[in-house]
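These notes are about the structure you will find just below.
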Amino acid sequence: MVRFTVLSMELMSHRAAGWKIRLRLSSDNPGVEALFETCLAHFPWRSSTADEIVRLRQALNVGDCLIAHEGNAGVIGFLILDRPKAYVSHLFVHDDWRFCGVGSGLLGVARDMARSPLQLDVDAQNEPAMRAYKAMGWVEKVGPDPMRSNQRRLSGP
Ligand SMILES: CC(C)(COP(=O)(O)OP(=O)(O)OC[C@H]1O[C@@H](n2cnc3c(N)ncnc32)[C@H](O)[C@@H]1OP(=O)(O)O)[C@@H](O)C(=O)NCCC(=O)NCCS
């Protein structure tokens, strides 16, 4: 069983795996963008990396960004939360760190910050992410339109 410890300085830490979750520092920005670009390489249906980077920077300017950080690897995951809407605009975990609880850890901390079940939009083509969200108890939400036409709006537990 994975054991988490909630600490005051860190929002969450996974002692065995050596990563922690905390709020973003400006020094994290290169790591966030590098991770984002690496992940986007597996999203061939997204049109332009440059446009996606613009969207990322806009979301970082207005949202709360959580960082999953490991001492040697640096930024291994991040999540951007629009707290008033309890809406997650970005959630990305580095390939090498998937299936280690990083994604569910980020979502759990964001859920606590929002004090409300979260929502997000997932690309219809993104079947691995859809499987992950289903495993975490997310369900498709009928009603609100997703941000983009080829997405599905999901609601978290
Ligand atoms: C989707 C993503 C965030 C999941 O992050 P992660 O750190 O691997 O997730 P976790 O390790 O916390 O796994 C949470 C649960 O989902 C399951 N899961 C994760 N990825 C899965 C996959 N590809 N297929 C099936 N189940 C999966 C895990 O087994 C776990 O289930 P469990 O609690 O029953 O054991 C990550 O795969 C990712 O960054 N993908 C690329 C970017 C992306 O698609 N982001 C989502 C945009 S909406």
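Below, all heavy atoms of this structure are taken into account, side chains as well, without hydrogens, waters or symmetry copies. Counting starts at 1 for both ligands and their atoms, following the listed order.
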Which residues pass the side chain to side chain donor-acceptor pair (under 3.5 Å) test with Arg148, sequence neighbours left out? Glu52
Can you work out which protein residues put a heavy atom within less than 4.0 Å of ligand 1? Phe43, Leu91, Phe92, Val93, Arg98, Phe99, Cys100, Gly101, Val102, Gly103, Ser104, Asp121, Asn126, Pro128, Ala129, Arg131, Ala132, Tyr133, Ala135, Met136
Side-chain H-bond candidate by donor/acceptor type, Arg57 with Asn29, under 3.5 Å: no
Checking Trp45 against Asp123: is there a side-chain donor and acceptor pair closer than 3.5 Å? yes
Any sub-3.5 Å donor-acceptor pair from Arg46's side-chain atoms to Asp51's backbone N or O? no
I'd like to know if Asp28 pairs up with Arg22 as an ion pair, taking the criterion as any Lys NZ or Arg NE/NH1/NH2 lying under 4.0 Å from an Asp or Glu carboxylate oxygen. yes
Is the shortest distance from a Lys or Arg side-chain nitrogen in Arg115 or Asp112 to a carboxylate oxygen in the other one below 4.0 Å? no
